[in-house]
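Presented below is the structure to which this report refers.
No hydrogens, no waters, no symmetry mates; every other heavy atom, side chains included, goes into these values. Quick note on labels: first sequence line is chain A, next is B, and so on, each numbered from 1.
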Amino acid sequence: MTELLRVEGLTAGYEDGTVVIEGISLSLGEGSTLALLGRNGVGKTTLLASIMGLTKIPDGRVTLQGRDITRRETHTRAFDGIGYVPQEREIFPSLTVEENLAVARARKGAWTLEAVYELFPRLAERRRNYGNQLSGGEQQMLAVGRALISNPVLLLLDEPFEGLAPVIVDQLAAAFDRIRNETGIATILVEHHAEIALSLAEQAIVLDRGQIVWAGDSATLLHDRAMLASLIGIDDAVAHEA
Amino acid sequence: MADLAIAPPRSSVIADAFLRHRLSWSDALIWLVGIAVYFVASEYLQLATQTVIMIIFALSLDLAIGYGGIESLGHAVFFGTGAYAAGSYALYVSSEPISGLVAGGLAAAVLGILSGLLILRVRGLTQVILTLAIATMLLQVATTAKSITGGDDGLTGYRIAPILGQFEFDLYGHTAYIYGLVILAVVFLFCRVLVNSPFGLTVRGIRDNPLRMRLLGVPVTARLLTLYTISAALAGVAGALSAQVTGLIGTDSLSFLLSGNVLIMLILGGIGRLSGAFLGATVFVVVSDRAAAIDPFNWLFVLGAMLILAVRFTPSGLTVVIDRLVARLSPGARRT
């Protein structure tokens with residue numbers, strides 16, 4: 001499998017000098033999915049933000065398709081092919097669904113307005129509604145659609161199922177499954193629901209205190225409840241079984 | 001891998017945007033009133049021309065504040081620059097009015113680029129203070145550079161040739177009013193197209209959430225600089241128009257008072273709606289004129305009271321109140 005993303009010895013934090021992740025190294029192949037797991041506050045979102053260029057990086061390197069993007073500006077990385085769906089969704093409230101999709105600086109590719117509507121028919125029904133008139137699930141679909149329409153090669157999903165009803169979680173999981181199977185988009189998925197994340201990904205990484213403490217096949221972690229519980233916490237494991 | 005070319009704008013989105021912001025009966029009413037003033041209130045044409053100029057100025061500020069979220073308390077710097085540029089152009093280059101407007105717009109646009117590079121690096125209160133500081137500096141320069149600006153005496157003595165070589169400016173302001181109205185129509189249509197274009201959508205997105213737009217691949221600072229420059233150019237056109245129809249440019253055209261007044265006009269009418277500039281500027285100019293005529297010493301009290309009442313009871317602007325009334329009368333009416 002051709003390597004798409006390489007992160008080497010990445011140390012990153014914020015402008016106030018706080019270092020959140022330290023010495024992170026990982027590699028992601030084209031079209032593959034990586035689950036990024038860990039307790040709250042261990043640096044999962046910071047790692048995604050660092051790949052997107054939103055943090056201060058004192059040390060380490062990020063390359064996309066062999067090109068060093070460590071010092072590139074955020075909007076340039078997006079145009080290089082990284083789509084980011086942040087935890088907060090951040091839909092533009094004063095724009096309609098269709099306008100929200102249109103504002104992305106789109107690269108040509110398979111993901112058109114029609115393709116997004118085909119993936120999320122609910123968005124097509126609500127295409128003339130404003131962002132602030134959508135439910136949480138619809139907003140998440142829109143956030144994902146907006147990232148897809150820029151035709152990324154790498155999709156960063158930060159807690160995409162958070163706060164959503166089970167039926168919406170199922171719809172989104174099915175959509176991610178389709179994206180993975182039908183397109184060549186690689187994905188890094190940060191998700192509190194470990195079982196869903198592991199079922200969608202081939203590989204998994206567990207972070208603790210800003211460092212990688214486990215890396216391997218998702219299936220291994222998915223079937224070893226004891227290891228999963230020890231890595232991401234007893235409460236989380238119980239929650240997944242519930 | 002996806003093609004690196006930028007995908008063409010989605011025509012359905014643009015069509016929808018225009019449909020939603022299509023010219024309505026209220027727009028037609030505005031222009032009908034504008035034309036009617038010429039015939040039924042010819043003794044007030046100079047006041048009406050001032051109103052038209054302020055509408056253009058307010059439209060320019062609405063682009064920056066209402067659509068781009070760029071805070072400014074020094075927008076008069078572009079109005080004054082446009083005015084001085086048009087006056088100097090008439091004095092030293094040509095008395096032809098249309099090219100004078102272009103000169104005013106261009107001079108203000110250049111200043112817009114230069115000041116935009118500075119102020120768009122920051123946001124919020126810092127941005128407001130920077131716009132104010134730049135305006136104050138330019139006002140000081142204009143006051144000091146008497147050989148160019150005439151200082152406190154103002155710039156006078158220039159002549160404006162007939163428009164298109166045909167329509168001479170007359171003492172009663174007939175030509176000036178129609179000229180101003182035509183320029184306003186051109187500026188308004190331009191603004192309408194701009195805010196509904198893909199560029200307009202992105203700057204509205206930037207206003208809502210600049211970081212998110214950056215994540216979507218949009219060069220936020222470059223887009224805001226473009227918008228700010230356009231806004232400055234239009235303010236410059238308003239200033240140039242003022243210089244041409246009044247034949248006098250004073251340093252008050254760069255003043256904080258003018259910057260504050262145009263902001264009040266927008267607040268009165270409604271920010272981020274274009275139509276707010278029409279209503280706000282008209283109400284402001286007419287009420288100011290009438291209040292000053294009735295009580296020359298206390299007329300500012302009336303303006304202050306009007307602003308307090310407007311902010312208290314119609315915080316989104318008078319156009320929103322009208323929209324609500326229209327919506328109540330016709331339940332199918334859509335947001336404009």
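Counted within 6.0 Å of CZ on A:R178, heavy atoms from surrounding residues, nucleotides or ligands total more than 12; the atom is thus considered enclosed. Counting non-hydrogen atoms of neighbouring residues, nucleotides and ligands closer than 6.0 angstrom, the CZ atom of A:R71 exceeds 12 such neighbours. Other residues, nucleotides and ligands contribute only 12 or fewer heavy atoms inside 6.0 Å of the CD atom of A:E73.
When every heavy atom of B:L215 is checked against every heavy atom of A:A78, the shortest pair comes out as O-CB, 3.2 Å.
Contacts of A:T76 with chain B are absent, with no heavy-atom separation under 4.5 Å from either backbone or side chain. With a 4.5 Å cut-off on non-hydrogen atoms, A:L54 touches chain B through its side chain but not through its backbone. For a residue to count as touching a neighbouring chain, one of its non-hydrogen atoms must lie under 4.5 Å from one of that chain's; by this rule A:R77 does not touch chain B.
For the pairing with A:F92, the side chain to side chain contact (heavy atoms under 4.5 Å, CB included) check across B:R207, B:R212, B:R204 returns one residue only, B:R212.
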Yes or no on side chain to side chain contact (heavy atoms under 4.5 Å, CB included) for B:L216 and A:V103, after CA distance, side-chain angles and deciding distance? CA-CA 8 Å; B:L216 292 170; A:V103 292; 4.2 Å; yes

Give the C-alpha distance, both sets of side-chain angles, the deciding distance and a yes or no for side chain to side chain contact (heavy atoms under 4.5 Å, CB included) between A:E99 and B:L201. CA-CA 7 Å; A:E99 288 170 346; B:L201 291 182; 3.5 Å; yes

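A heavy-atom distance below 4.5 Å is not found between the side chains of B:V218 and A:H75.
Contact count against chain B (heavy-atom pairs under 4.5 Å) is highest for A:P86 among A:P86, A:G81, A:G83, A:G184.
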